[in-house]
Amino acid sequence: MSKTIPIRSSADILESREHGRQLARLMGFDRVDQTRIATAISEITRNVLQHSQSTGELSIVEVEEGNCRGLCIRVVDTGCGIKDVGLALEEGYSTASSLGAGIPGTRRIMDEFDITSSEGNGVSVRMVRWLPRRRFA
């Protein structure tokens with residue numbers, strides 16, 4: 001199962017969040033993990049609209065690696081990029097007078113989190129949440 005959703009408005013954030021939650025539920029993630037996945041999707045897709053000065057795209061795909069199954073979520077934009085990714089990953093750092101908890105918090109609740117960016121060339125975020133082995137064995 002996979003799906004790609006363009007990120008152009010708040011409605012697209014809601015659609016992405018709900019699709020991620022539904023896919024997680026169908027795969028057997030518990031409610032806590034469904035909420036973690038939906039929260040991660042909300043945070044990263046919202047960043048596209050609030051910070052990139054562009055639009056983007058989210059893709060969600062079921063992945064397998066060895067005996068593990070999970071959800072891989074990619075969010076990309078072609079916007080202004082992040083000047084310093086290292087700072088953006090630090091708790092409390094913000095360029096928008098916010099708490100600066102979004103990106104670091106998202107990294108904490110996902111099993112894998114990779115972000116790449118170069119100023120003026122957009123941002124790419126890849127995150128994975130793995131099913132606990134006991135649920136799909």
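Count residues from 1 along the sequence. No hydrogens, no waters, no symmetry mates; every other heavy atom, side chains included, goes into these values.
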*Heavy atoms, side chains only, cut-off 4.5 Å: are Pro104 and Glu90 in contact?*
no

*Measure the spacing between CD of Glu43 and CE of Met127 and express it to the nearest 0.5 Å.*
9.5 Å

*May I have the step-by-step check of side chain to side chain contact (heavy atoms under 4.5 Å, CB included) for Gln34 and Val32, ending in yes or no?*
CA-CA 5 Å; Gln34 291 172 35; Val32 172; over 6 Å; no

_If hydrophobic clusters are built from ILVMFWY residues whose side chains come within less than 4.5 Å, do Ile44 and Ile109 share one?_
yes

*Just by modelled atom types, is the Gly102 backbone N or O under 3.5 Å from a matching donor or acceptor in the Arg107 side chain?*
no

*Flag the pair Ile103 / Phe113 as yes when at least one side-chain heavy-atom distance between them is below 4.5 Å, and no otherwise.*
yes

*Could you give the distance from CG (Leu71) to CH2 (Trp130), rounded to the nearest 0.5 Å?*
10.0 Å

_Donor-acceptor contact present, side-chain Ser117 to main-chain Gly122, <3.5 Å_ = yes

*Considering non-hydrogen atoms only, spot the tightest contact between Gly20 and Ile37 and give its length.*
O-CG2, 4.1 Å

*Measure the spacing between CG of Leu14 and CD1 of Ile5 and express it to the nearest 0.5 Å.*
10.5 Å

*CD on Glu62 to NZ on Lys3, rounded to 0.5 Å*: 15.5 Å

*Consider only side-chain heavy atoms of I, L, V, M, F, W and Y, link residues closer than 4.5 Å, and tell whether Val85 and Val125 are in one cluster.*
yes

*Can you tell me how far the CG atom of Asp77 sits from the CG atom of Leu49, to the nearest 0.5 Å?*
9.5 Å

*Does Leu58 reach the side chain of Arg74, with side-chain heavy atoms less than 4.5 Å apart?*
no

*Considering non-hydrogen atoms only, spot the tightest contact between Val63 and Cys72 and give its length.*
CG1-CB, 3.6 Å

*Between Val75 and Val48, is any pair of side-chain heavy atoms under 4.5 Å apart?*
yes

*Partners of Arg17 by side-chain hydrogen bond (donor to acceptor under 3.5 Å, both in side chains), sequence neighbours excluded?*
Ser42

*asked:* With heavy-atom distances below 4.5 Å as the criterion, would you say the side chains of Leu23 and Phe29 are in contact?
replied: no

*Counting distance only, does the side-chain N/O of Ser52 pair as donor-acceptor with the main-chain N or O of Gly79 below 3.5 Å?*
no

*Could you grab the distance from atom CG of Asp30 to atom CZ of Arg36, nearest 0.5 Å is fine?*
7.5 Å

_Close side-chain approach of Met110 to Ile73, heavy-atom, < 4.5 Å_ = yes

*Ser16 versus Ile7: any side-chain heavy-atom pair under 4.5 Å?*
yes

*Apply side chain to side chain contact (heavy atoms under 4.5 Å, CB included) to the pair Ile115 and Leu89, showing each step before the final yes or no.*
CA-CA 9 Å; Ile115 184 169; Leu89 289 167; 4.2 Å; yes

*So do the side chains of Val123 and Val76 get within less than 4.5 Å of each other, counting heavy atoms only?*
no

